Amino acid sequence: MKLLFDIGGTTTRLGIASGDNHIDNIITYPTPQDYKVGIDSIALHAKELSLEQSIGLIAGGIAGGLSIDKTSLTHGGNIQEWVGKNLVEDLQNAVGAKTVILENDTAMAGLGEALFGAGKNHSNILYLAIGTGVGGAWINNGKLITTKYGFEPGHQFIDYENRKSLQDLISGKALANWFDKSVAEVSSEEIWDEIAEPLVAGLFNSFMHWPSDIIVLGGGVILGHDFPLEEINEALHERMPSISPFPPVVRAELGDYPALYGALSNSSQ
């Protein structure tokens with residue numbers, strides 16, 4: 001039996017799977033800021049989900065940067081108390097699993113969308129998640145492309161003169177500061193006016209480095225609003241007329257659970 005996890009800065013999602021193609025049950029709860037409470041919560045919910053059956057493998061993603069050996073967080077955004085702890089070893093001990101696979105949560109989400117969601121019929125997928133921050137992943141023939149340091153498309157400079165990154169301009173955190181209220185309280189039209197131009201630039205740059213058959217957009221800012229993505233498709237086609245037809249830009253399909261599906265696929269590779 002496999003335990004799947006997605007530990008975000010505000011929300012944790014856990015799933016249990018007995019096979020490679022289906023998640024049997026999922027629970028969601030607020031991510032504890034205290035690390036020990038967080039580990040104890042995962043262990044408790046793992047027993048509930050598995051009906052106290054043995055869990056042989058744990059796989060999932062966590063928000064933040066990972067150490068080179070992928071055992072711990074080097075920076076964790078909203079979960080600073082989790083930084084520097086050996087998450088792999090602590091999960092092994094708390095749950096009793098032999099193997100733990102740890103990845104960045106956006107990378108896991110991209111893999112999930114590539115294999116189970118919007119990109120499942122394509123070989124090369126560029127995934128960009130626009131939530132509190134901006135992250136991304138590149139999936140080639142069902143395999144998550146990884147590097148020693150990971151990918152950070154949200155930190156690419158869009159406005160070099162003012163040293164503004166893509167994340168500085170279109171993330172949920174940036175938008176909340178700009179509008180002085182939660183992104184959920186702002187209309188789709190107002191947000192679109194702010195993010196459309198820098199988003200096109202960011203996607204153009206990302207595609208130049210990660211040429212793909214399809215571009216999948218996920219994250220709370222995208223999925224929580226109704227944006228006219230056809231405008232993005234038209235703008236990208238205008239920038240790259242030599243690439244015809246230009247790969248479509250589409251919305252992610254797995255809602256709140258792409259990272260769990262990515263963990264499910266990663267656990268079987």
Side-chain angles (χ1 to χ4, degrees), residues 6-13 28-34 38 61-65 73-83 104-107 109-110 113 126-137 150-206 215-236 249-252 254-259:
D6 174 13
I7 304 170
T10 57
T11 302
T12 292
R13 300 173 180 88
T28 301
Y29 59 92
T31 300
Q33 296 300 302
D34 182 275
I62 188 167
L73 276 178
T74 56
H75 57 276
N78 292 333
I79 48 174
Q80 288 299 317
E81 291 186 30
W82 293 62
V83 173
N104 170 266
D105 60 341
T106 302
E113 284 292 340
L126 191 167
Y127 176 75
L128 195 74
I130 306 168
T132 303
V134 177
F151 294 115
E152 291 289 357
H155 293 294
Q156 61 179 286
F157 281 126
I158 299 300
D159 179 357
Y160 182 79
E161 186 172 318
N162 296 299
R163 299 188 67 80
K164 294 290 186 181
S165 69
L166 183 62
Q167 184 165 282
D168 291 332
L169 298 172
I170 71 171
S171 68
K173 183 177 181 179
L175 292 169
N177 289 335
W178 176 260
F179 289 107
D180 197 25
K181 55 184 174 181
S182 167
V183 175
E185 301 176 72
V186 184
S187 71
S188 297
E189 291 78 11
E190 290 177 287
I191 293 177
W192 189 246
D193 286 344
E194 290 299 320
I195 74 169
E197 188 172 343
L199 177 57
V200 168
L203 290 177
F204 175 87
N205 294 341
S206 297
I215 299 172
V216 180
L217 298 184
V221 172
I222 294 295
L223 301 181
H225 295 84
D226 184 20
F227 295 138
L229 293 188
E230 62 272 10
E231 292 185 13
I232 292 290
N233 282 281
E234 291 171 2
L236 287 171
V249 180
V250 303
R251 287 166 61 92
L254 298 178
D256 293 331
Y257 307 121

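Keep in mind that this is a model prediction, so the values were computed, not measured.
- Here the closest non-hydrogen pair linking F179 and E190 is CZ-O, 3.7 Å.
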Indicate every side-chain donor-acceptor pair of residues 223-230 with a distance under 3.5 Å to a residue at least two apart or in another chain.
from, atom 1, to, atom 2, distance (Å)
H225, ND1, V221, O, 3.0
H225, NE2, V183, O, 3.3
H225, NE2, V186, O, 3.3

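- The main-chain N or O of I222 is found under 3.5 Å from a side-chain atom of R251 such that the two form a donor-acceptor pair.
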| request: Starting from the C-alpha separation in whole Å, work towards a yes-or-no answer on side chain to side chain contact (heavy atoms under 4.5 Å, CB included) for V249 and L236. | output: CA-CA 9 Å; V249 180; L236 287 171; 3.7 Å; yes
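- Under the 4.5 Å side-chain criterion, counting only non-hydrogen atoms from C-beta, T28 is in contact with Y257.
- Of all heavy-atom pairs between T106 and A129, the closest is CG2-CB, 4.0 Å.
- Across all non-hydrogen atoms, the minimal contact from G218 to A252 is CA-CB, 3.9 Å.
- At least one donor-acceptor pair under 3.5 Å links the side chain of Q167 to the backbone N or O of V134.
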| field | Test log, rule side chain to side chain donor-acceptor pair (under 3.5 Å), inputs Q156 and S206 | value | CA-CA 9 Å; Q156 61 179 286; S206 297; 3.2 Å; yes
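- The two residues A63 and G9 make their nearest non-hydrogen contact at CB-N, 4.0 Å.
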Which donor-acceptor pairs under 3.5 Å do side chains of residues 191-204 form with protein atoms, sequence neighbours excluded?
from, atom 1, to, atom 2, distance (Å)
W192, NE1, E231, OE1, 3.0
E194, OE2, W178, NE1, 3.4

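- When every heavy atom of P153 is checked against every heavy atom of L166, the shortest pair comes out as O-CD2, 4.0 Å.
- Separation of atoms OH (Y29) and CZ (R13) is listed at 11.5 Å; rounding is to 0.5 Å.
- Using a cut-off of 4.0 Å between Lys/Arg side-chain N and Asp/Glu carboxylate O, D159 and K164 are scored as not salt-bridged.
- Put simply, the side chain of D256 does not reach to within 4.5 Å of the side chain of D6, judged on heavy atoms.
- With sequence neighbours excluded, no residue forms a side-chain contact (heavy atoms from CB on, under 4.5 Å) with D180.
- Looking at residues two or more places apart in sequence or on another chain, you find a side-chain contact (heavy atoms from CB on, under 4.5 Å) between Q80 and V83.
- Checking each of I62, T31, I79 against T12 for a side chain to side chain contact (heavy atoms under 4.5 Å, CB included) leaves exactly one that passes, namely T31.
- Of all heavy-atom pairs between Y127 and P258, the closest is OH-CG, 4.5 Å.
- Taking the side-chain contact (heavy atoms from CB on, under 4.5 Å) definition, one finds that T10 meets it with N78, sequence neighbours left out.
- To the nearest 0.5 angstrom, I170 atom CD1 is 4.0 Å from I130 atom CD1.
- Under the side-chain contact (heavy atoms from CB on, under 4.5 Å) criterion, N177 pairs with K173, not counting sequence neighbours.
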